[in-house]
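This report refers to the structure that appears directly beneath it.
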Amino acid sequence: MMKPDDRSNEFSISPHYTTRELIPENQETPIHFLRHWITPEDFLFLRNHFPYPSLKEEAFLLPIDGEVKQPKIFRYGDLLHMPSRTVTAVLECSGNKRAYFCPQVYGVQWEDGALCQAIWKGVSLSYLLSLTEIADTAVEVVFEGYDAGKRTDIDGVFHYARSLPISKAICPDTLIAYELNGKILPYKHGYPLRLIVPQWYGMAWVKWLKRITVINHHFTGPFQEIDYNYYPCKENDLGKRPVTTINVNSIIQYPLDLSEMNTGTHYIEGLAWTGEGIVSKVEISTDYGQTWHKASLNQDLSQPYSWVGWTYVWMVGQKGEYTIFSRATDTCGRTQPFEPEWNRKGYGYNGIASVRVKIE
Ligand SMILES: Nc1nc2c(c(=O)[nH]1)N[C@H]1C(S)=C(S)[C@@H](COP(=O)(O)O)O[C@H]1N2
Ligand SMILES: [Mo]
């Protein structure tokens with residue numbers, strides 16, 4: 001017979017020990033909180049596959065070994081004194097906007113707020129690799145995090161781990177970061193050390209770095225080979241390809257969806273970003289895409305990996321219900337499509353953004 005207190009026992013380990021600490025923390029940022037050029041720490045989204053790791057002293061040692069001529073263990077304190085590099089870069093989860101896929105897909109139902117822009121400071125990974133010297137046999141670099149746990153699909157306990165091809169690993173702006181927005185990297189964002197991979201979706205930006213291993217083959221960990229691949233077919237794995245660079249994308253931040261507004265002049269505002277080249281134009285339509293009008297890009301603060309704010313002055317005299325579309329294009333000629341490619345795990349959504357407004 002079930003005792004009435006059976007369930008409460010689960011939680012009686014400590015009065016503060018609830019399931020909240022056992023499940024990974026995932027939180028998005030309402031897009032009207034993303035109105036700063038640099039997202040303040042308190043407004044950063046959080047994406048975790050496992051509960052937060054507890055860090056011991058080893059977390060301040062970073063080994064680099066494998067296919068290198070001089071394996072080394074770098075101390076956190078030494079990294080702080082090496083030549084530093086700073087990048088302003090967009091961080092977007094590849095599952096951002098997943099909730100908008102039709103038909104719907106399983107996974108964290110992110111709307112548009114798994115996105116931020118921050119200033120990341122650290123040491124170029126290429127600098128560290130120049131000290132360890134990469135062997136000719138090297139193919140990829142694997143980054144393992146301290147967090148670990150079980151998965152729902154395969155047995156075993158896994159650390160969060162991802163790889164980069166050598167070509168991306170040695171980009172000068174691929175960083176081992178120790179600072180975010182001018183302060184010590186916050187614990188929830190990977191303290192003490194985290195990988196920064198500008199232009200790639202967030203899954204590549206491994207937090208709580210435990211070790212870096214150069215390997216002579218393709219890495220096949222589950223966060224590389226199962227997750228973070230586009231599977232365009234529902235029934236099989238045909239067309240499978242890895243998720244890498246960020247798709248060209250935009251959001252409308254003003255007005256918010258389903259706003260009521262007066263006739264007159266309105267400043268439609270939002271953000272646009274891309275992972276290849278830079279954003280070359282943003283266009284707005286208020287007639288379901290029949291006509292498009294260029295928004296002005298506020299490029300004063302622009303940097304190679306940053307988002308760009310845009311504004312479109314809309315003069316509306318006619319009362320009624322409208323849908324406003326925004327569509328960004330980048331210098332590589334990529335444009336947001338009406339229908340992004342559906343894929344089973346719901347990555348890379350970049351369909352034209354829209355909000356509905358009522359003019360009264
Ligand atoms: N160690 C570790 N690194 C990780 C993850 C993780 O679960 N564990 N999640 C990744 C994913 S999918 C994203 S989108 C970003 C989110 O970074 P944030 O939580 O700092 O916003 O971290 C990446 N790095
Ligand atoms: Mo992500």
Side-chain angles (χ1 to χ4, degrees), residues 22-29 33-34 38-55 59 62 89-99 105-120 122 142-152 157-164 174-181 183-212 219 221-224 226-230 242-247 249 273 275 343 345-349:
L22 301 174
I23 59 171
E25 187 173 33
N26 287 300
Q27 292 180 1
E28 71 177 287
T29 311
F33 282 35
L34 294 176
I38 298 299
T39 313
E41 185 185 327
D42 289 349
F43 295 173
L44 298 173
F45 77 97
L46 286 164
R47 171 51 176 137
N48 296 296
H49 294 75
F50 299 122
Y52 291 109
S54 49
L55 302 173
L62 181 64
V90 164
L91 167 57
E92 183 185 17
C93 178
S94 52
N96 194 27
K97 305 195 183 191
R98 176 181 286 132
V105 290
Y106 287 92
V108 182
Q109 293 301 302
W110 303 108
E111 295 190 352
D112 9 40
L115 176 73
C116 71
Q117 170 157 283
I119 303 171
W120 311 92
V142 181
F143 305 87
E144 185 181 324
Y146 269 102
D147 51 333
K150 291 184 176 168
R151 294 174 53 97
T152 52
V157 171
F158 298 91
H159 277 265
Y160 187 79
R162 291 273 316 174
S163 74
L164 288 178
T174 298
L175 305 183
I176 304 301
Y178 48 74
E179 266 187 26
L180 185 158
N181 295 347
K183 290 202 283 191
I184 293 177
L185 192 63
Y187 167 64
K188 290 188 171 185
H189 298 284
Y191 175 81
L193 297 168
R194 138 178 237 178
L195 183 66
I196 302 304
V197 192
Q199 299 186 309
W200 282 42
Y201 278 115
M203 74 279 148
W205 301 43
V206 179
K207 303 192 271 189
W208 310 292
L209 283 173
K210 183 170 193 264
R211 74 157 62 90
I212 296 177
F219 178 59
F223 298 98
Q224 194 77 31
I226 301 177
D227 301 334
Y228 303 113
N229 283 275
Y230 295 107
V243 175
T244 59
T245 55
I246 296 175
N247 289 331
N249 218 329
W273 65 97
N343 62 96
K345 285 182 177 269
Y347 300 125
Y349 187 100

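In listed order, ligands and their atoms are each counted from 1. In what follows, every heavy atom counts, from backbone to side chain, and hydrogens, waters and symmetry copies are set aside.
- Residue Y160 places no N or O, backbone or side chain, under 3.5 Å from any N or O of ligand 1.
- When ring centroids are compared, Y347 and Y228 come within the 6.0 Å threshold.
- Under the 6.0 Å cut-off for aromatic ring centres, Y201 and Y230 do not qualify, their centroids lying 6.0 Å or more apart.
- Considering both main-chain and side-chain atoms, R194 comes within under 3.5 Å of ligand 1 through a nitrogen or oxygen pair.
- Close contacts of ligand 1 with N48, meaning ligand atoms under 4.0 Å from a residue heavy atom, involve 7 (O).
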From CA spacing to verdict: side-chain contact (heavy atoms from CB on, under 4.5 Å), L115, D112: CA-CA 7 Å; L115 176 73; D112 9 40; over 6 Å; no
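- Listed here is the closest heavy atom pair of G113 and F45: O-CB, 3.6 Å.
- Aromatic rings from Y160 and F50 are positioned such that their centres are separated by 6.0 Å or more.
- Here the heavy atom of the protein found nearest to atom 20 (O) of ligand 1 is H189 ND1, 2.6 Å.
- Looking at ligand 1, you won't find any N or O of W208 less than 3.5 Å from one of its N or O atoms.
- Note on ligand 1: L44 sits outside its first shell, no heavy atom being nearer than 4.0 Å.
- Annotation for ligand 1: atoms under 4.0 Å from non-hydrogen atoms of W205 are 22 (O), 23 (C), 24 (N).
- Ligand 1 has Y228 within reach: a non-hydrogen atom of the residue lies less than 4.0 Å from it.
- Annotation: D147 places an N or O atom under 3.5 Å from an N or O atom of ligand 1; distance criterion only.
- Residue H49 places at least one N or O, backbone or side chain, under 3.5 Å from an N or O of ligand 1.
- Residue-to-ligand polar distances place R47 within reach of ligand 1: an N/O pair is separated by less than 3.5 Å.
- Ion pair D227/K345 flagged as a salt bridge, since at least one NZ, NE, NH1 or NH2 atom sits closer than 4.0 Å to an Asp/Glu carboxylate oxygen.
- Annotation for L55: atom CG counts as buried by contact number, over 12 foreign heavy atoms lying within 6.0 Å.
- The nearest heavy-atom contact from the protein to atom 19 (O) of ligand 1 is K207 NZ, 2.5 Å.
- The protein heavy atom nearest to atom 23 (C) of ligand 1 is G202 O, 3.2 Å.
- Summarising the geometry of L91 relative to W205, their closest heavy-atom pair is CD1-CD2, 3.7 Å, with the distance given to 0.1 Å.
- For the atom pair CD1 of I246 and CG of N96, the computed distance is 9.5 Å after rounding to the nearest 0.5 Å.
- Residue L164 comes nearest to A204 through the heavy atom pair CD2-CB, 4.4 Å, listed as atom of the first residue, atom of the second, then distance.
- Applying the 4.0 Å criterion to heavy atoms of C93 picks out, from ligand 1, the atoms 14 (S).
- Going from atom CE of M203 over to atom CD of E92 covers 10.5 Å, rounded to the nearest 0.5 Å.
- The distance criterion of under 3.5 Å between nitrogen or oxygen atoms is not met by M203 with respect to ligand 1.
- Looking from atom 21 (O) of ligand 1 to the surrounding protein, the closest heavy atom is F45 O, 2.8 Å.
- In Y52, neither the side chain nor the backbone holds a heavy atom less than 4.0 Å from any atom of ligand 1.
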